Amino acid sequence: MPVTDKSVAASVRKDDEERVDTVDRWDESHHGKGLIKPPDQLELTEAELKEEFTRILTANNPHAPANIVLYNSKECCYKPTVVEQMIVHFVVEGSLLHQDSDEARRQKAKGGLPEETATFDTGAGPDEAKPETLDTPADDEGGAGEEDRPDSVASKTNQKKEAKVTNQFDYSERACQNLNNPHRQIGCQPEPPPRSNFSSLANQWVIYDAYMEELQKQERNKEKQKAAPSKKDPDNTKRAVVSTDSHGHDISKVRKAVKIIERMVNQNTFDEIAQDFKYYEDDSDEFRAQEGTLLPLWKFQYDQAKGLSVTALCWNKKYQDLFAVGMGSYDFNKQEHGLLVFYSLKNTAFPEYSYPTKSGILCIDIHEQHSYLVAVGFYDGCVAVYNLNKEGMDAVHKSTAKTGKHTDPVWQVRWQKDDLDNNHNFYSVSSDGRVASWTLVKNELVFTDVIKLSLNGAMSEGTEGSQQPIIACGTAFDFHKEIDYLFLVGTGEGKIHKCSKTYSSHFLETYVAHSMAVDAVKWNHFHPKVFISCSSDWTIKIWDHTINTPIFTFDLNAAVGDVSWSPYSSTVFSAVTIDGTVHVFDLNINKYEAICQPAVMAKKKGKLTRVEFNPIHPIIIVGDDRGYVTSLKLSPNLRKKPKAKKGQELATGPEVEVAKMDKLLSLLQQPENSTA
Amino acid sequence: MDLAEVEETLKRIQSQKGVQGIIIVNSEGIPVKTTLDNSSTVHYAGLIHQLVMKARSTVRDIDPQNDLTFLRVRSKKNEIMIAPGGWGFSRGVHTHSDTGREQHPTQRPRRPRTFLSGDKLIY
């Protein structure tokens, strides 16, 4: 066990001596007892006792660790840190304030006021005040209480207020609470507005309909605004009209629906015929090399047309299921009323439109572009124009004796292209020898004579002097498909004149065609030079208008009522005779005979009067003198297109048709040349 | 004028062979005019109205500018034809003798007919 003695470095020995001295002295005091050693005292030798041990007193904290290291990330190594060496042994918080600090100043200020005021009053005051400010707040209070009175006196002069400092001994607070009013809530509930549930669909079409309605409303508003500056009377009538319109709407909508139902019912009733019309092709045509057949489809008849014969047929170019039938009578003695009837293939039981007329109709023509305009020629020489869009049974325009109607029956009418003023116009030919042109100017029918037919050739005015020209009857005419001014007129004497619209006094050419009246003359749809004519002298003749003699002549053993080119081929045409037979010819297949000659009516029963091809469907309609119209479907043999040679493509189009005709013509001309 | 025309057309339809009756219905589905008895009319009107609405909605939903023109419902015994007309629609109930309607048109048996060629007659 080492003995630890504190000793100062400089005075080691001195201390020892002192200790020794003290020990000696102690020993001297306790001399008689001698040195008392504890039993476990370390026995040391004199030399060991004299050994000097060095003790150093430093200010370092021996307990502070000297080897704390911190990792320095910058240098990536551990660095020794400086450790606090100070140890605090004892802390006492005092109440001394530095005289320049805030608190001291504040206290000075508190005590300083009484200090200052007291200097006014008493000199002893400040002395008391100063030590008082430094004293504990307890004394302050007491002192301040005494000073308060002079303070309050003094404070009147000074305007600074002094906040009373509360203490826990003297201070008491008093408060009182008054009654709190009880809370009450008042409310009122009004009656809820009536509610109803609403649900609706907002489909795409509902939205579309709403937009369309809005658009129409806007348009109507615009119209009203435009009409507003006009007279008020028309407005009244407009309003009345509008109301009836909305009422009429219901009826008209039902009318449309009822019409559709009628068509549907008819379609069901005549379903087989409709299927045949669409799909049936006669397979047996393959076995019949050159012949074809006609399949009867629908038969159109109308109650009110009993006793009338079909005098004119015309297909509508725009709506190819609609055709017009003109009824009248060819009999001179039995002249009765007439009827203009429109049928549609969609409803074969009842006509779509029917217009009764006073006099028998002889010819009709439907305008190509404006298919609601129909020109009609009557037996009494009038011409009229009907507008299918307009309500009412009357013609829109009608010619009278004043406005230049013909004096004899009108045999043919034809619409022309609109003239320079964009007025519609049509031509008519009549037995009184006049070819007249009628123009629809505004609301009137204005006529101009184009040409006067006469037996001796066209008359130029005033050259013949006293000789009265014998007027020929025109019985048929046709305009060239391409050359607008060129047309042919067939006369009752059997001649055909080629005329031009521009020359009114001369015929371009005259063909001696038939021995009886020419019933029909028609240009070929494709070939620009070929036309066909038929007559009651039992013949059909095909001409090239540059040649004076017919190219082909067919004798049909009965008066031919009508002849018509087919719209799909330049070499196919059909004719009807009064013995009830329909003849279909295809010059490409057989140049001498008809390839199909079915008898559509019994000989005694009636005559066939008219025939027309449908523009697109392979059917023909045939009218007879009983007022019936029969539709017949052409078998494939009758509709032949030229067969393609191996390797060549099948060409279609008018050029091919023209070429076909040309070939035929050239074939005919060659043997003529050879014989000549 | 229009009313007379409509009446006439209805008469014609009714006189066609196989037509059992006609019902005209307004836009709310209430029958306005009928040639059948009351109970059947009400029955048909109620049932068909919804069908037509649905069909029309379908057509117009696909293309709002399109509209339903007519609807045929063929059953074993008869056929109902419906033509909606905007404000109302009319229906005809039609019986037909079922002679192989499901077959392809060119295969099904055709009515006997004579073909015209040469000297054969049809009348």
Side-chain angles (χ1 to χ4, degrees), chain A residues 201 203-209 211-212 248-269 271-273 275-276 278-282 284 288 291-296 349-350 391-392 580-582 595-602 605-606 630 632 635, chain B residues 1-3 5-10 12-14 16-19 22 24 26-27 32-33 56-57 59-67 69-70 72 79 81-92 94 96 101 104-106 108-111 113-123:
Chain A
L201 273 178
N203 274 339
Q204 207 175 358
W205 56 272
V206 173
I207 297 167
Y208 176 80
D209 275 346
Y211 270 113
M212 292 310 285
H249 247 266
D250 294 349
I251 302 287
S252 65
K253 289 292 181 181
V254 173
R255 181 161 65 126
K256 204 172 152 199
V258 165
K259 220 174 181 183
I260 293 177
I261 289 277
E262 199 191 350
R263 285 188 184 179
M264 286 161 82
V265 170
N266 271 321
Q267 190 184 1
N268 268 5
T269 319
D271 184 45
E272 291 169 343
I273 303 179
Q275 302 280 356
D276 281 345
K278 214 44 193 185
Y279 301 116
Y280 175 67
E281 302 289 355
D282 196 350
S284 61
R288 280 187 279 242
E291 289 180 350
T293 56
L294 289 177
L295 178 66
F350 197 75
E391 303 272 344
T581 324
V582 176
I595 51 176
C596 179
Q597 288 177 347
V600 172
M601 278 189 90
K605 277 198 180 167
T630 315
L632 301 151
S635 71
Chain B
M1 276 297 279
D2 283 340
L3 201 56
E5 213 182 305
V6 169
E7 292 283 344
E8 215 187 287
T9 316
L10 286 174
R12 275 203 310 270
I13 298 174
Q14 182 68 27
Q16 286 268 11
K17 201 172 46 167
V19 173
I22 307 179
I24 299 188
N26 73 353
S27 54
V32 169
K33 193 174 158 61
R56 201 198 206 156
S57 174
V59 169
R60 293 211 72 200
D61 215 12
I62 292 169
D63 178 12
Q65 290 178 336
N66 207 352
D67 201 1
T69 37
F70 64 79
R72 279 180 195 259
E79 177 178 0
M81 288 180 278
I82 304 159
W87 292 93
F89 41 90
S90 63
R91 268 183 249 111
H94 181 88
H96 59 84
R101 277 208 191 275
H104 193 266
T106 54
R108 58 171 179 74
R110 282 191 307 276
R111 64 178 176 130
R113 65 178 65 81
T114 53
F115 303 115
L116 302 181
S117 88
D119 298 320
K120 286 194 185 159
L121 303 174
I122 57 165
Y123 295 112

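Predicted model only: the values in this text are computed from it and were never measured. In what follows, every chain begins at residue 1, and chains take the letters A, B, ... in the order their sequences are listed. All values below were derived from every heavy atom in this structure, side-chain atoms included, with hydrogens, water molecules and symmetry-related copies excluded.
Within the 4.5 Å cutoff, side-chain heavy atoms of A:Q267 are placed close to those of B:R72. Annotation: side chain of B:F70 is not in contact with side chain of A:R263 (no heavy-atom distance under 4.5 Å).
Residues passing the salt bridge (Lys or Arg N to Asp or Glu O under 4.0 Å) test with B:R12, sequence neighbours excluded: A:E262, B:E8. With sequence neighbours left out, A:N203 forms a side chain to side chain donor-acceptor pair (under 3.5 Å) with B:S57.
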Go through A:N268 and B:M81 one step at a time and tell me if the side chain to side chain contact (heavy atoms under 4.5 Å, CB included) criterion holds. CA-CA 10 Å; A:N268 268 5; B:M81 288 180 278; 4.0 Å; yes
Side chain to side chain contact (heavy atoms under 4.5 Å, CB included), that's the test. Do A:I261 and B:I22 meet it? Break it down for me. CA-CA 9 Å; A:I261 289 277; B:I22 307 179; 5.7 Å; no
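Between the CG atom of B:D67 and the CH2 atom of A:W205 there is a distance of 9.0 Å, given to the nearest 0.5 Å. The distance from atom CD1 of B:I13 to atom CZ of A:F350, rounded to the nearest 0.5 Å, is 11.5 Å.
Contact between B:T69 and A:I260 at its shortest, heavy atoms only, is O-CD1, 4.0 Å.
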